[in-house]
Engineer: 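Quick one: the structure is below, questions incoming.
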4 protein chains.
Amino acid sequence: MEYNTKQLQIIEVAERLFASKGFAGTSVRDIAQEADINVAMISYYFGSKEKLIEALFSVRMVQTRTQIEMILQNEELTPLQKVNIWIDMVIDRLMSNQCFHKIMMREQLSTERTPIISGQIMELKIRNMELMKKLITEGQEKGAFRHDVDLTLMVTTLYGTINHAMATQDYLKIIQGKEGVEDSQYQLYLRSALSTHLKSIFKSSVSNEIAHVNQ
Amino acid sequence: MEYNTKQLQIIEVAERLFASKGFAGTSVRDIAQEADINVAMISYYFGSKEKLIEALFSVRMVQTRTQIEMILQNEELTPLQKVNIWIDMVIDRLMSNQCFHKIMMREQLSTERTPIISGQIMELKIRNMELMKKLITEGQEKGAFRHDVDLTLMVTTLYGTINHAMATQDYLKIIQGKEGVEDSQYQLYLRSALSTHLKSIFKSSVSNEIAHVNQ
Amino acid sequence: MEYNTKQLQIIEVAERLFASKGFAGTSVRDIAQEADINVAMISYYFGSKEKLIEALFSVRMVQTRTQIEMILQNEELTPLQKVNIWIDMVIDRLMSNQCFHKIMMREQLSTERTPIISGQIMELKIRNMELMKKLITEGQEKGAFRHDVDLTLMVTTLYGTINHAMATQDYLKIIQGKEGVEDSQYQLYLRSALSTHLKSIFKSSVSNEIAHVNQ
Amino acid sequence: MEYNTKQLQIIEVAERLFASKGFAGTSVRDIAQEADINVAMISYYFGSKEKLIEALFSVRMVQTRTQIEMILQNEELTPLQKVNIWIDMVIDRLMSNQCFHKIMMREQLSTERTPIISGQIMELKIRNMELMKKLITEGQEKGAFRHDVDLTLMVTTLYGTINHAMATQDYLKIIQGKEGVEDSQYQLYLRSALSTHLKSIFKSSVSNEIAHVNQ
DNA sequence: TATGAATGAGTATTCATTCAT
DNA sequence: TATGAATGAATACTCATTCAT
């Protein structure tokens, strides 16, 4: 499905509002006003509010699909290097599309999600899980990774940590005593901190390398 | 603030509905019908729908406060034992009050949260952080824990992992091939799996013990 | 189903408006304004506009059911007398509830009618037909009525004539040169004219009496 | 007023939809979609939805006007023969243009009809009435017809019976136990049944012939 | 001549809340 | 204390029509 400039603009505004107020909490009037268009345009372009969020998902999901697979086929990287690259890519993907991923967090919480969206999320999750599985088993075969790792929960930790950091960043900022720091500046800090943190966790939990004797 | 039986019953129903449909997605009529009371009762007892969710937070927050502190003052436990107990307590607290914590996850995502709720969440987070800080620094002083741990992100990982597991448990169930398993049964499994997983992460990331040489 | 005074008042107004502007052509706002109530009351009392017209039908249909059967069981009347009484009763019923019967005419024209309404109309028609059948066959057995009468079309003529007269009474008035006559006055005239006309048709078409030799 | 092929095609579609869903119940989008044209075309070609139905009336009315007069000037026919021809022509005209006549029935019920349409209907009715009057008085002068006939109501019976049969043909079909019969087949049957029925009524009610002594 | 885009007024319905009792 | 009735504002959506091209 292709969307024109106007439609993409509406989707963008909707994404921002759905992220901060929720789907039910955002009225089409809100969107129309923010996007500076007539309310009727939303029905005109998308059919309904429901179809709008489906359009939003279809656009963002497509963007997500292709990225990762390619890069990790590089044969010259060690398993741990691949995992680290992967972690950085996930952080980048989630942090660069915070609005969308907030919406997705919410949708995952809801029992009201439509089969269409629910299906897309499921598909994405399975894709992620398979990629991860390939990555880890490859490492295990090469003797670099441990065999007693709960893969599913490792992925849960990765996504959970980033999501939770994103969701609570206002709190984190205060707790970390960085209230003065500008938002964009803080985002950069958070990305790098998450990167270090998650790589460290993965290294010590997954890899066979002795991380820190006598330290 | 004290609430009578009727009020507590309403709060309970509201919690369940807010959790599954969101605050904006739940109408006071839904609540009234589910709780088998008159619609007017909600305004009558709480003043407004907004005040109802505030009441819900104040009730659940109070329940949360006291628990942990006591137990961890036990001098006979090693730092790692205390961390493990703490992990189990958090898992238990979150998993036993899934509805409430789903609501809290949503509220943290929202920019619409009232100062009252926002304040309560902040207070809770700071309390958790302080407890954690005490726990870890105590371990560091005893030479049991590493000094290069990002405390804030460690807590984020703990809560993020549990929350994400809770939010996506329907997916997890399918991905793990446990579609047939009964819900209550799966909950038990998830708790124990999370416990093992998180303890392992904490042990390998935080403690100085060499977790797995030559494995 | 019982309806309270307010509901009956709304139904009455709705009936008048549906009759003159059609169902789709009448907005709930029109009804609310005419009935001097809040728009929301219609949804409140009936659930929807659709349910309102169903309520209207259920009320009017009930009123229609019982009337006729009784009277025609009188054993002292000749078949022709019974037919004449029946004709007068149908005229009276239709002319006294012109609004409702206009709505019914429209509904019969429409392919959009709901199964509920459609079913009620069908039921009524079958009842009428059976009554008529009993009346005529009784007359035939007594040798008073001809045997070569198309019963269904005889009923069609009865209802069709009255309905058409009702629907076109504004034209009839002009054509008959009675533009000056007051509406209520004209109604009385029309009833009596229809009565004479239809009785004459039935007598000459159905009965074996020689109506007018050497005239 | 002349209409081009495209316009006539739109009118035809509109006629079908107005007949089955009513004027208010049919949207210009419905028509545009069914006619496979752009919505704007309707405003473009006719100015408005209102003007479209006026165009429809003007087209169909013109078709109606000329037919009958000529034929009945034939001097060789008896008055009763002429009446019978006339009955068949009316049946044919109404049954062949059921969609249009359903719309007309509705319009006659409505108080919302525009002066244009209302005027056209009135004109047609007066024309019919005059024709009928000529027919009957001619018969009376020749001693073939009774003098005590209510002409207006006789016409009302003719049109009312056919209209009512048309409007309720779905019911008639069931009542007559012809549910299996194909629609086109049933139409043929109905026409011939109506013809026999109405001719019989007219003969026995209007003519001086003794229809059925000793039967 | 024809049309996709756009609009503002309109649709029915639901909302949280208030009021009289 | 409790509630059925009522309300006005808001909801998503559809309408006939217009406009720029």
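Protein chains get the first letters and strands the later ones, always in sequence-line order, with residue 1 at the start of each. Worth knowing before you read on, the calculation uses all heavy atoms, side chains too, and leaves out hydrogens, waters and symmetry mates. From a predicted model like this one, the values you see are computed outputs, not experimental measurements.
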Engineer: Is the backbone N or O of D:V39 less than 3.5 Å from a side-chain atom of D:R29, with the two atoms forming a donor-acceptor pair by type?
Structural biologist: no
Engineer: If I take atom CD1 in residue B:I37 and atom P in nucleotide F:dA2, what distance separates them, rounded to the nearest angstrom?
Structural biologist: 11 Å
Engineer: Please determine whether any donor N or O and acceptor N or O are separated by less than 3.5 Å between the side chain of D:R29 and the base of F:dA16.
Structural biologist: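 Checked by distance alone, the answer is yes.
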Engineer: Using a heavy-atom cut-off of under 4.0 Å over every strand shown, decide if D:S43 touches base, sugar-phosphate, or nothing.
Structural biologist: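 If one applies the 4.0 Å heavy-atom cut-off, D:S43 turns out to touch a base.
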Engineer: Does the gap between the ring centers of A:F57 and A:F100 come in under 6.0 Å?
Structural biologist: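 Under 6.0 Å, so yes.
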Engineer: Starting from the 5' end of DNA chain E, give me the residue, C:F23 or B:K49, whose nearest nucleotide shows up first.
Structural biologist: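 Its nearest nucleotide being more 5', the pick is C:F23.
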Engineer: Checking side chain to side chain contact (heavy atoms under 4.5 Å, CB included) between C:M104 and each of C:R113, C:R60, C:M61, which is the one that passes?
Structural biologist: C:M61
Engineer: I want to check one thing: is the phosphate of F:dA2, taken as OP1 and OP2, less than 4.0 Å away from some side-chain N or O of B:Y45?
Structural biologist: yes
Engineer: Would you say B:Y44 places a side-chain N or O within less than 4.0 Å of OP1 or OP2 belonging to F:dT3?
Structural biologist: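 For F:dT3, OP1/OP2 do not have a side-chain N/O of B:Y44 under 4.0 Å.
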Engineer: Quick check: closest heavy atoms across A:M166 and A:K102, and the distance to 0.1 Å?
Structural biologist: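 For A:M166 and A:K102, the tightest heavy-atom pair comes out as O-CE, 4.3 Å.
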Engineer: What is the pairing partner of F:dT18, taking Watson-Crick or G-U wobble pairs with both distances under 3.5 Å in any strand?
Structural biologist: E:dA5
Engineer: Is B:S27 close enough to E:dT14 that one of its side-chain N or O atoms is under 4.0 Å from OP1 or OP2 there?
Structural biologist: no
Engineer: Round to the nearest Å and state the distance from D:E50 atom CD to F:dC15 atom P.
Structural biologist: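 Rounding to the nearest Å, CD of D:E50 and P of F:dC15 are 17 Å apart.
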Engineer: Whole angstroms only, please: what is the CE-C1' distance between C:M41 and E:dT18?
Structural biologist: 14 Å
Engineer: Separation of C:Q33 atom CD from E:dA12 atom C1', in whole Å?
Structural biologist: 16 Å
Engineer: Using atom CZ of D:F46 as one end and atom C1' of F:dT18 as the other, report the distance to the nearest whole Å.
Structural biologist: 18 Å
Engineer: Please state whether the phosphate of E:dG8, meaning OP1 or OP2, lies under 4.0 angstrom from any side-chain nitrogen or oxygen of A:N38.
Structural biologist: yes
Engineer: Please state how far atom CD1 in B:I53 lies from atom P in E:dA16, giving the value in whole angstrom units.
Structural biologist: 13 Å
Engineer: Output the rounded distance in Å from CG (B:L17) to C1' (E:dC15).
Structural biologist: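 Answer to the nearest Å: 16 Å.
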Engineer: Looking at every non-hydrogen atom in both residues, tell me the closest pair between C:Q7 and C:F46 and how far apart they are.
Structural biologist: O-CZ, 3.6 Å
Engineer: How long is the line joining CG of B:N4 and C1' of F:dA2, in whole Å?
Structural biologist: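 Result: 12 Å.
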Engineer: When the nearest nucleotide of DNA chain F is assigned to D:G47 and to D:D30 on a heavy-atom basis, which residue is associated with the more 5' position?
Structural biologist: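 Mapping each residue to its closest nucleotide by heavy atoms, the 5'-most match is D:D30.
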